[in-house]
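The chains referred to below are lettered A, B, ... by the order of the sequence lines, with proteins before strands, and numbering in each begins at 1. What's counted below: heavy atoms across the whole structure, side chains too, no hydrogens, waters or symmetry copies.
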2 protein chains.
Amino acid sequence: MLTQTQGSFELLTNETAIALIQKLELLDRDATLTCRKIGDDTLHYVFHVTDNVTNKGVIIKQAVPYAKVLGESWPLTLKRAAIEVDALLTFGSYCPEYIPKVYYVDKQLAITIMEDLSHVKIARTGLIEGESYPLISQHIGEYAAKTLFYTSDYYLEPSTKKEVARAFTNPELCKITESFVFNGPFFEHTPTNYEVELSEIVETLWNDHELKLEVAKLKKIFMSEQEALLHGDLHTGHILASESKTKVIAPEFAFYGPIGFDTGHFIANLLFQAVTREEADQEIILSHIQTFWSTFTGTYSTLWNNESRDEFKNIDGLLSYVLQKAKTDSFGFAGWELIRRASDLSHVIDLDGIANIGQRINVKSNALILGTHLVKNRSTLDIPTVIELVKQVTRSSYSTL
Amino acid sequence: MLTQTQGSFELLTNETAIALIQKLELLDRDATLTCRKIGDDTLHYVFHVTDNVTNKGVIIKQAVPYAKVLGESWPLTLKRAAIEVDALLTFGSYCPEYIPKVYYVDKQLAITIMEDLSHVKIARTGLIEGESYPLISQHIGEYAAKTLFYTSDYYLEPSTKKEVARAFTNPELCKITESFVFNGPFFEHTPTNYEVELSEIVETLWNDHELKLEVAKLKKIFMSEQEALLHGDLHTGHILASESKTKVIAPEFAFYGPIGFDTGHFIANLLFQAVTREEADQEIILSHIQTFWSTFTGTYSTLWNNESRDEFKNIDGLLSYVLQKAKTDSFGFAGWELIRRASDLSHVIDLDGIANIGQRINVKSNALILGTHLVKNRSTLDIPTVIELVKQVTRSSYSTL
């Protein structure tokens, strides 16, 4: 991997992207290259440069110095590009099978050149289209267990962990989460953020004191607990998947935080699918939730038993205490994600993409009910209970809860 | 305050200490100065330089590049001197009344020159001699509330807090705590560390599975929860006290950690006194515990209500949740401190200074019993119950617990 840190910032164009690949000889030096801008998300531009003959390609990602969805009034430094690539390299060292290869980094220009995975679909899109992705839950379970164990105090020497945590201090991106995920829905919501048909249930939630208190506790956990290096934004839009392959991308929100924040966000994203699907198609999603959690806990436990260096590792009950906390936090963060995505500024296409208004309102109401139950009862729930809840909420009247 | 960062490391002598004060003109330029080495603790040399005529003085503290009690085989960088002075300045900005003034810093030579407090006694020594220090618990309660509130996410903008936490990353000194406080007693203990008469009770504790699991949880809290900037070693040997004045010194273990670690250590140190004293002299100590906790929670609550910037600050129940957690953690860390100081390598003079062997064994046994109860039942205890427990343990047979 090459690293470049010279020069001043400028945005790539299709032409300069091609010139860069030619200069670096990352594709055949004599090839004719084509470049398409394939991504233009909140915080980045993404270019796909291909060899016209062989079709081989690379991906170029460049961070922009502001968060577009938040307006240029929310400036961001380009440090996040460095954090993203450092997280890709860290995670890649523990589970290369789930992380794109990095070929080149220019921290000054906030450019990362990576493995071409453009043939692999974004999991959120595929799931909405009805793909089943038989291995996604097993793969993400392994990914989560490996990244969250190997970066914790239970594997790393605690002094090393502190240095890694220091390097991944990420105040700018954490602030986005603190403001938009935790504070926004309660303190900056406007009725324009949700359908008028949801007003009653949403307003009940915004005035639900117990819910607010539990979300305040979750925010405290997010802000203060440094259990492991998180992806920080592990939703299905940041997972590329096929029948056989799964890759996790875009860890620019990476920071040391509570492990349930990552696992909870993946669960929430499966739950978005679970609440949108008819009974027959729902089963595969529910079994993904089950497989994800059993793979995560199984792999984490194996790693703990075989590789933990903590002196207390063999104390009966410690591993299950750590996993129980992860589960409780997961349900809390997942539940809150269901609520805010169904009712706030940051919508999610799984729900908003439902064209039929009646169906969409119904699905969002279900997400809100399920989410509230998860947040409030997170410490006593387990996976089978959550699956049963999903079935109850989506297949019968709300009053059963 | 002057800051100097040039030159290479060398240890001060009485002569070079005087020369330094003369060069800096920190005392009268024409004065004849005397220097005495007054401290030679685990990690530092401390010099007291005085003007022979006026008796005005300053304190010079210099860190040494190893931990003496641990042997030269445990090398330490001099970064801790920088952390100590940065913590003094940070704490001093929030409560100057409880922190010595800093006059000069040389980070290269690990030298800090401070206010002369040599006329104020170390609180541990005074307490052992029977001093009552009527204001110590109120002062330390205020000190703890102010330092632990003003450095938390509930006062600092969370991005700022993350930068401060990064600056106070303190892996070397935290490692001493992790190794000697948490791991040592269970995994590196030798029978030579405690009196043979304590063998039975100590060995029972070392084989107490529930205790080990609870200590493992406390260690996890210590290693991963960044609630506020802690002193990190808040025992009565690091408090200078008189009838009217209280100063907290030596925060070289400062790091972002769980607030109950500081408050718990102060409580533990009061408990050392409580278990050593006769009934009549015990009351003042028990009332110090009560005053400390009510001052801490009262001041913290006032600061929270008047100065918190967190959006959730007015959610009923959040403040009491934060204080309840601090209390639970305090009792856990305090209990463990009682146990390890009564039975492990790191003795404490309050207990070890008891000349009569029978009395010493009795007091240490009481500390062990009380400590175990605190660790195991920390989440359900409150201050009146703990005070009742102290009375029961010290005034009747153990079997009442």
Side-chain angles (χ1 to χ4, degrees), chain A residues 152-154 157-175 177-179 182-184 186-188 209-228 255-259 310-322 325, chain B residues 152-154 157-175 177-179 182-184 186-188 209-228 255-259 310-322 325:
Chain A
S152 78
D153 282 306
Y154 295 109
E157 208 281 307
S159 302
T160 306
K161 177 246 188 172
K162 288 179 188 70
E163 295 294 359
V164 180
R166 168 154 62 182
F168 280 100
T169 303
N170 195 356
E172 288 188 334
L173 283 277
C174 285
K175 185 176 180 170
T177 305
E178 288 149 10
S179 300
F182 292 105
N183 301 340
F186 282 126
F187 303 107
E188 288 151 34
H209 171 259
E210 184 190 349
L211 181 66
K212 275 189 204 170
L213 179 56
E214 295 310 316
V215 173
K217 293 178 189 172
L218 289 167
K219 183 182 167 197
K220 178 181 190 297
I221 292 171
F222 176 86
M223 292 195 298
S224 65
E225 298 195 10
Q226 297 202 318
E227 292 179 339
F255 75 110
Y256 261 75
I259 69 182
D310 189 90
E311 284 79 354
F312 288 85
K313 64 170 269 198
N314 292 322
I315 305 300
D316 206 29
L318 183 59
L319 171 59
S320 55
Y321 171 79
V322 169
K325 180 177 183 305
Chain B
S152 79
D153 282 306
Y154 295 109
E157 207 282 308
S159 302
T160 307
K161 177 246 188 172
K162 288 178 188 72
E163 296 295 358
V164 180
R166 167 154 63 183
F168 280 100
T169 303
N170 195 355
E172 288 187 335
L173 283 277
C174 285
K175 185 175 178 171
T177 305
E178 288 149 11
S179 300
F182 292 106
N183 301 339
F186 282 125
F187 302 107
E188 287 152 34
H209 170 258
E210 184 190 348
L211 181 66
K212 275 188 204 169
L213 179 57
E214 295 310 315
V215 173
K217 293 178 190 174
L218 289 167
K219 183 183 167 196
K220 177 181 190 298
I221 292 170
F222 176 87
M223 292 195 299
S224 65
E225 298 193 10
Q226 296 202 319
E227 292 179 338
F255 75 109
Y256 261 76
I259 69 183
D310 189 88
E311 285 79 353
F312 288 85
K313 64 169 270 197
N314 291 322
I315 305 299
D316 205 29
L318 184 59
L319 171 59
S320 55
Y321 170 79
V322 169
K325 180 177 183 304

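Side-chain atoms of B:Asp310 and A:Lys219, non-hydrogen and from C-beta on, do get closer than 4.5 Å to each other.
Remark: A:Lys217 pairs with A:Glu214 by the side chain to side chain donor-acceptor pair (under 3.5 Å) rule, at least two apart or across chains. For the salt bridge (Lys or Arg N to Asp or Glu O under 4.0 Å) test, residues two or more places apart in sequence or in another chain that qualify with A:Glu225 are A:Lys325.
Most heavy-atom pairs under 4.5 Å with chain B: of the set A:Glu178, A:His209, A:Glu157, this distinction falls to A:His209. Options A:Ser159, A:Ser152, A:Cys174, A:Pro158 differ in how many heavy-atom pairs under 4.5 Å they form with chain B, and the most are formed by A:Ser159. Note on A:Glu163, A:Arg166, A:Lys162: by heavy-atom pairs under 4.5 Å with chain B, the leading option is A:Arg166. Contact tally against chain B (heavy-atom pairs below 4.5 Å) for A:Pro258, A:Pro171, A:Ala228: the top residue is A:Pro171. Top candidate by heavy-atom pairs under 4.5 Å with chain B, chosen from A:Lys212, A:Glu227, A:Gln226, is A:Gln226.
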Original post:
Passes ring-ring contact (aromatic ring centres under 6.0 Å, His included), B:Phe255 versus B:Phe222? Steps please.
Top reply: CA-CA 10 Å; B:Phe255 75 109; B:Phe222 176 87; 4.8 Å; yes
**OP:** Please assess A:Leu213 against B:Phe312 for the test side-chain contact (heavy atoms from CB on, under 4.5 Å), listing each intermediate value before the final yes or no.
**Re:** CA-CA 8 Å; A:Leu213 179 56; B:Phe312 288 85; over 6 Å; no
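Heavy atoms closer than 4.5 Å to chain A are found in the side chain of B:Lys161, but not in its backbone. Heavy atoms of B:Tyr256 lying under 4.5 Å from chain A are absent altogether. Heavy atoms closer than 4.5 Å to chain B are found in both the backbone and the side chain of A:Glu311.
Put simply, CG on A:Leu211 and CZ on A:Phe186 are 4.0 Å apart, with the number rounded to the nearest 0.5 Å.
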